[in-house]
**Q** 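Input: one structure, supplied below.
Residue numbering restarts at 1 for every chain, and letters A, B, ... go by the order of the sequence lines.
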2 protein chains.
Amino acid sequence: MGTELSVTENEARYLKLIYRKQCEESAKVRTTTVAKSLGVRPATVTEVIQNLSEKNLLRHRRYHGVELTKGGTTEARKLLRKHRILEVLFMDILNYDARNACKEASKLDYYASRDLINAICRAYGHPEICPCEKTIFSDSKCKKNK
Amino acid sequence: MGTELSVTENEARYLKLIYRKQCEESAKVRTTTVAKSLGVRPATVTEVIQNLSEKNLLRHRRYHGVELTKGGTTEARKLLRKHRILEVLFMDILNYDARNACKEASKLDYYASRDLINAICRAYGHPEICPCEKTIFSDSKCKKNK
DNA sequence: TTTGAATTTTAGGGTTTCCCTAAATTTAAG
DNA sequence: CTTAAATTTAGGGAAACCCTAAAATTCAAA
């Protein structure tokens, strides 16, 4: 099999951020920018990026930035699917504002199981966009039965 | 002030377990038993117990077992409140069975904010027992307004 | 085209959290 | 009293994060 390793919660934060910047905002992912977003030093970002690179989740060309691999993209989307489904739950059921829904979802998404997310998805009629208008990626195991 | 330190996710697991055994099942909390429940070695349990003791969350009499302090009891109840409110959500909304609801709740309770839990509590009419019939502790900040 | 400022990476550490084995201790049952 | 079972101490180890200082690289402006 491909050398597919699991990501830590912290690495998950990086993946989500990188995907959003690169794939959804077409912005260049700079070490400095990421460092600022996450409140760490540039050297730390480089280190994490090298770990993600060893896990084949992204390609890293020294001094030139990163590009998510197929695996990294898939992983980022899985995480963002969880994040956004949780946002839907927190908004629609709990009268949260989008800002708070996102904040809460950020704390929980990494820990929510695929099954739980799919159950919520089903309960909310398989929504296709989250409160912030971002697309909610689909999951082949999430049947729209009935 | 009392030297009140924050607990790690792992320590939270110990607190929940100890509270359930000692306060809800009136069972003696044995190092060996805890070790078996959590899948670690007895020496590890002793170590964690000493940490919790330093944080004044429980009292430890060497070779004789532990007793939660006021602070430890409060902390355990806060955690179990979160756990059980999440169980209500997962059961009632998502057609989960109690077993799975509990499993999912266990992964998320530590990370759920007080505000989020109170919002769920409100949405479900301030339930007083969870799917397993255990009591859901109340939170002074969770208003039964309306 | 050179050069210097900005960005990025390397080198070398440090802390915290969690867990383990082996060797004492202590308890408690017979 | 003695000894088996339970518990604790002693001494480590690995993984996850983060940092500073110094070196490398890029790039844009003279």
Side-chain angles (χ1 to χ4, degrees), chain A residues 3-18 21-22 27-68 72 75-76 79 106-111, chain B residues 3-18 21-22 27-68 72 75-76 79 106-111:
Chain A
T3 316
E4 203 72 14
L5 294 163
S6 65
V7 314
T8 66
E9 186 192 359
N10 194 50
E11 287 169 346
R13 268 206 297 274
Y14 280 77
L15 277 183
K16 287 183 286 182
L17 182 65
I18 291 169
K21 287 222 153 119
Q22 194 163 77
K28 195 164 179 219
V29 176
R30 299 197 142 289
T31 300
T32 313
T33 315
V34 173
K36 239 164 235 161
S37 297
L38 299 179
V40 298
R41 297 302 184 149
T44 306
V45 173
T46 301
E47 200 190 356
V48 174
I49 278 174
Q50 286 168 347
N51 292 150
L52 290 171
S53 176
E54 265 162 31
K55 293 183 181 179
N56 289 313
L57 295 168
L58 49 76
R59 230 45 96 192
H60 181 212
R61 282 184 44 240
R62 275 153 81 266
Y63 295 101
H64 293 279
V66 303
E67 193 175 9
L68 290 173
E75 186 62 33
L79 288 163
S106 296
K107 288 189 292 190
L108 301 181
D109 54 13
Y110 176 77
Y111 297 98
Chain B
T3 316
E4 205 70 16
L5 294 162
S6 65
V7 314
T8 67
E9 185 191 0
N10 194 51
E11 287 170 347
R13 268 207 296 276
Y14 281 77
L15 277 184
K16 286 185 285 183
L17 183 65
I18 291 169
K21 287 222 153 116
Q22 194 164 75
K28 197 167 177 214
V29 176
R30 297 196 143 292
T31 300
T32 313
T33 315
V34 173
K36 239 164 236 158
S37 297
L38 298 179
V40 298
R41 297 300 184 152
T44 305
V45 173
T46 301
E47 199 191 356
V48 174
I49 279 174
Q50 287 168 346
N51 291 151
L52 290 172
S53 178
E54 265 162 31
K55 293 183 183 179
N56 289 313
L57 294 169
L58 50 75
R59 229 44 97 190
H60 182 214
R61 281 185 43 240
R62 276 153 82 265
Y63 294 101
H64 292 281
V66 303
E67 192 176 11
L68 290 173
E75 186 61 34
L79 289 163
S106 296
K107 290 188 292 189
L108 301 181
D109 54 13
Y110 176 77
Y111 298 97

**Q** Could you tell me from which nucleotide to which nucleotide of DNA chain D, 5' to 3', there is an atom under 4.0 Å from chain B heavy atoms?
**A**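 Range of nucleotides touched by chain B: dA6(D) to dT9(D).
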**Q** Using whole Å, report how far CZ of Arg30(A) lies from P of dA6(C).
**A**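 The distance from CZ of Arg30(A) to P of dA6(C) comes to 14 Å, rounded to the nearest Å.
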**Q** Which heavy atom of Pro42(B) sits nearest to which heavy atom of Ala35(B), and what is that distance?
**A**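 Where Pro42(B) meets Ala35(B) most closely, the heavy atoms are N-CB, 3.8 Å.
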**Q** Enter the distance from Ile49(B):CD1 to Arg62(B):CZ here, rounded to the nearest 0.5 Å.
**A**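 Nearest 0.5 Å value for the CD1-CZ distance: 13.5 Å.
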**Q** So which heavy atom on Gln50(A) is nearest to which on His60(A), and how close?
**A**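 In this case the closest contact between Gln50(A) and His60(A) is CG-ND1, 4.4 Å.
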**Q** Do Thr33(B) and Lys21(B) have side-chain atoms, one donor and one acceptor, less than 3.5 Å apart?
**A**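 Distance-only check fails for Thr33(B) and Lys21(B).
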**Q** So, taking the atom named CG in Leu58(A) and the one named CG in Leu52(A), what distance separates them when rounded to the nearest 0.5 Å?
**A**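 Taking CG in Leu58(A) and CG in Leu52(A), the distance rounds to 5.0 Å.
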**Q** Scan the side chains in residues 9-16 of chain A for donor-acceptor partners under 3.5 Å anywhere in the protein, sequence neighbours excluded, and list what turns up.
**A**
| residue | atom | partner | partner atom | Å |
| --- | --- | --- | --- | --- |
| Glu9(A) | OE1 | Tyr111(A) | OH | 2.6 |
| Asn10(A) | OD1 | Arg13(A) | NH2 | 2.6 |
| Glu11(A) | OE1 | Thr8(A) | N | 3.1 |
| Glu11(A) | OE1 | Lys55(A) | NZ | 2.7 |
| Glu11(A) | OE2 | Lys55(A) | NZ | 3.3 |
| Lys16(A) | NZ | Asp109(A) | OD1 | 3.1 |
| Lys16(A) | NZ | Asp109(A) | OD2 | 2.8 |

**Q** Between CG of Asn56(B) and CG of Leu68(B), what distance do you get to the nearest 0.5 Å?
**A**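 These two atoms lie 12.5 Å from each other.
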**Q** If you assign Arg61(A) and His64(B) each to the DNA chain C nucleotide with the nearest heavy atom, which residue ends up on the more 5' nucleotide?
**A**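 Of the two residues, Arg61(A) wins.
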**Q** What N/O pairs connect the protein and nucleotides 12-19 of chain C at under 3.5 Å? Give each pair on its own line.
**A**
| residue | atom | partner | partner atom | Å |
| --- | --- | --- | --- | --- |
| dC18(C) | OP1 | Thr8(B) | OG1 | 3.1 |
| dC18(C) | OP1 | Asn10(B) | N | 3.4 |
| dC18(C) | OP2 | Thr8(B) | OG1 | 2.8 |
| dC19(C) | OP2 | Asn10(B) | ND2 | 3.2 |
| dC19(C) | N4 | Glu47(B) | OE1 | 3.1 |
| dC19(C) | N4 | Glu47(B) | OE2 | 3.0 |

**Q** Scan Thr31(A) against the nucleic acid and name what it touches under 4.0 Å (heavy atoms): base, sugar-phosphate only, or nothing.
**A**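 It contacts sugar-phosphate atoms only.
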**Q** Work out which heavy atom in Val40(B) is nearest to a heavy atom in Val45(B); give both atom names and the distance.
**A**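 Here Val40(B) and Val45(B) meet closest at CG2-CG2, 3.9 Å.
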**Q** Select from Ala43(A) and Tyr63(A) the residue whose nearest nucleotide in DNA chain D is closer to the 5' end of that strand.
**A**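 Residue closer to the 5' terminus by nearest nucleotide: Ala43(A).
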